[in-house]
Amino acid sequence: MEKSALQIARAAYQPKLPKGLQGNVCVKEGAPTQSVADQEEIKKLFPNTYGMPLIEFVPGEAKTYAPFNVGVILSGGQAPGGHNVICGLFDGIKRLNPESKLYGFILGPGGLVDHNYMELTADIIDEYRNTGGFDMIGSGRTKLEKEEQFEKGLEIIKELGIKAVVIIGGDDSNTNACVLAEYYAAKKCGVQVIGCPKTIDGDLKNDQIETSFGFDTACKTYSEVIGNIQRDANSARKYWHFIKLMGRSASHIALECALQCQPSICLISEEVEAKNQTLDDIVTYIAQAVVNRAADGNNFGTVLVPEGLIEFIPAVKKLIAELNDLLATPEGAAVPKDEQRAWILGKLSAENKAVYESLPAGVAAQLTMERDPHGNVQVSLIETEKLLAEMVANKLAEWKKEGKYMGKFASLHHFFGYEGRCAAPSNYDADYCYALGTSAAMLIANDKTGYMAIVKNTTAPASEWVAGGVPITMMMNMEKRNGEMKPVIKKALVRLDGAPFKTFVANRDRWARETCFVYPGPIQYFGPSEVCDQPTKTLQLEQAGK
Ligand code: FBP
């Protein structure tokens with residue numbers, strides 16, 4: 001593989017580890033835990049893995065470990081730092097016994113079921129240290145949920161003498177990790193399952209998980225480009241840029257980029273829902289900001305749009321819920337694409353039918369596109385940024401006729417998502433991921449299953465970080481998925497009472513009227529700590545309030 005100068009220099013970076021993971025590791029167990037909601041149902045569904053204690057790793061006595069083999073899976077969307085989780089896991093198990101082996105299952109959970117794997121040796125691992133991407137073993141979105149999949153997996157696990165499988169994934173993949181852990185524990189197979197919190201979306205966080213890995217690097221990458229666009233906008237002074245940002249349902253990425261870049265406008269889906277706003281309310285809000293800036297001679301600006309916005313407009317949300325139920329029926333699944341609109345219109349309730357008909361046909365069709373394997377609407381495929389730019393232009397044209405607006409409006413649209421998912425991990429993500437991988441190794445060595453590796457106190461210097469494990473059942477509640485109630489990890493959406501959102505609200509009117517753009521520039525890997533090692537503003541604000 002040919003490498004860039006930065007890749008070569010970056011390969012030598014030694015990620016920092018928390019004190020508790022640096023030498024011999026001892027397990028400190030906390031009190032038994034409960035799930036965040038629906039305790040009785042979750043307990044019944046996970047009798048073998050419910051209620052286990054929180055775990056913290058602290059320095060301890062030297063211990064000898066027999067060699068053990070581990071399998072690792074990258075699941076779902078790419079997130080910067082995934083390779084460092086695997087490197088931390090590899091170094092961790094080799095440190096406990098150099099004869100231990102690490103196997104990577106290829107292209108996600110499907111690799112376990114299809115027995116598609118490779119041994120990850122030191123040569124391979126060294127090629128990928130501190131790099132972005134998931135290309136070491138690839139990723140996939142196969143949902144591990146059926147008994148036959150678990151049994152197929154067990155065959156290869158037994159054949160390779162694997163003691164534990166580490167699933168590096170988001171909320172859905174870790175939910176599946178928990179189901180798999182319970183299944184193997186119930187059958188007394190002697191196979192442990194450990195999860196690891198990954199996703200650029202930042203929606204896998206709670207009292208135990210400060211942030212999911214990849215969020216830091218992805219937001220910094222998008223903020224660099226948003227900053228560049230803002231500088232262009234401020235130079236040419238003739239375009240409004242509508243920028244959609246990945247993140248699924250949650251607006252964490254949009255909010256973090258807003259805190260970093262101070263755009264003219266940033267929409268927050270969770271607020272739209274809480275205020276019961278309509279599409280027209282949102283369009284009017286943006287158009288009014290355009291009018292206000294035009295009055296000052298500023299016919300330019302930036303609008304950040306979270307990709308999940310459309311799902312949060314209450315009327316559209318109700319429509320999507322009914323569409324989900326309709327499309328999950330055998331009849332719904334079998335309707336040919338070209339007959340789908342007519343079929344849907346014939347089935348929808350009157351209220352939802354009116355909303356469906358009010359949407360531009362293209363957007364309505366995007367709402368019925370195939371769900372991902374976890375039943376989620378594929379919001380990254382819905383072109384909300386174009387929809388909003390078009391509707392704002394129409395509203396301004398009306399206002400112009402009525403003499404309410406004199407400015408010029410030209411818009412451009414962008415979608416940032418894939419640009420950031422495989423960026424070279426920031427120092428924060430490089431260190432965080434390496435520590436998560438090391439924690440996973442220690443959870444395995446200490447015979448734990450159904451746990452997610454965690455690292456806390458990450459706004460402090462890395463040596464003061466606290467590593468450990470949280471029982472996955474602790475983060476679960478019951479939710480409707482594909483028409484059925486299922487145990488799932490509770491997704492973290494933007495909290496309207498949280499410090500990041502409140503900070504944004506305190507500033508947004510000024511950002512909308514004046515030009516307050518900030519240009520963060522590219523991620524820096526070498527240089528002063530205040531430039532290279534700052535965690536996200538979201539994390540800093542959240543932790544400062546604790
Ligand atoms: P995960 O939830 O698997 O981490 O995926 C993150 C994400 O990048 C979302 O932000 C986005 O909506 C989705 O993946 C896109 O999916 P795909 O990779 O299948 O195009």
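Whatever order the structure lists them in is the order used to number ligands and atoms, beginning at 1.
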Open item on the list: Show the atoms of ligand 1 that are less than 4.0 angstrom away from any heavy atom in Glu307.
Closed with: 9 (C), 10 (O), 11 (C), 12 (O)

Task: Those atoms of ligand 1 less than 4.0 Å from some heavy atom in Thr199 - done: 1 (P), 2 (O), 4 (O)

- [ ] Could you find the nearest protein heavy atom to atom 7 (C) of ligand 1 and give me its residue, atom name and distance?
- [x] Arg421 NH1, 3.6 Å

TODO: If you have a sec, work out which protein heavy atom is nearest atom 14 (O) of ligand 1 and how many Å separate them, to one decimal?
DONE: Arg141 NH2, 2.9 Å

Open item on the list: Taking CG in Asp232 as the centre, count heavy atoms belonging to other residues, nucleotides or ligands within less than 6.0 Å. Is the count above 12?
Closed with: yes

TODO: Using only heavy-atom distances, determine whether the side chains of Asn84 and Tyr432 contain a donor-acceptor pair under 3.5 Å.
DONE: no

Task: Min N/O separation Asp201 to ligand 1 under 3.5 Å - done: yes

Open item on the list: Are there over 12 heavy-atom neighbours, none belonging to Lys537, within less than 6.0 Å of that residue's NZ?
Closed with: no

Open item on the list: Is any side-chain heavy atom of Met474 closer than 4.5 Å to one of Leu54?
Closed with: yes

Task: Atoms of ligand 1 close to Ile200 [distance to a heavy atom under 4.0 angstrom, numbered from 1] - done: 8 (O)

Task: Per-atom contacts of ligand 1 with Lys198, taking only distances under 4.0 Å to non-hydrogen atoms - done: 1 (P), 3 (O), 4 (O)

TODO: Look only at interatomic distance and state if Gly77 has a nitrogen or oxygen under 3.5 Å from any nitrogen or oxygen of ligand 1.
DONE: yes

Task: Residue pair Lys486 / Glu479, side-chain heavy-atom distance below 4.5 Å - done: no

Open item on the list: Any non-hydrogen side-chain atom of His241 less than 4.5 Å from a side-chain atom of His414?
Closed with: yes

- [ ] Output yes when the distance from some N or O of ligand 1 to some N or O of Met246 is under 3.5 Å, and no in every other case.
- [x] no

Task: Heavy atom of Gly76, distance to ligand 1 below 4.0 Å - done: yes

Open item on the list: Checking side chain to side chain contact (heavy atoms under 4.5 Å, CB included) between Leu267 and each of Ile286, Thr384, Leu304, which is the one that passes?
Closed with: Ile286

Open item on the list: Between ligand 1 and Gly247, can you find any atom pair, the residue atom being a heavy atom, that is separated by under 4.0 Å?
Closed with: yes

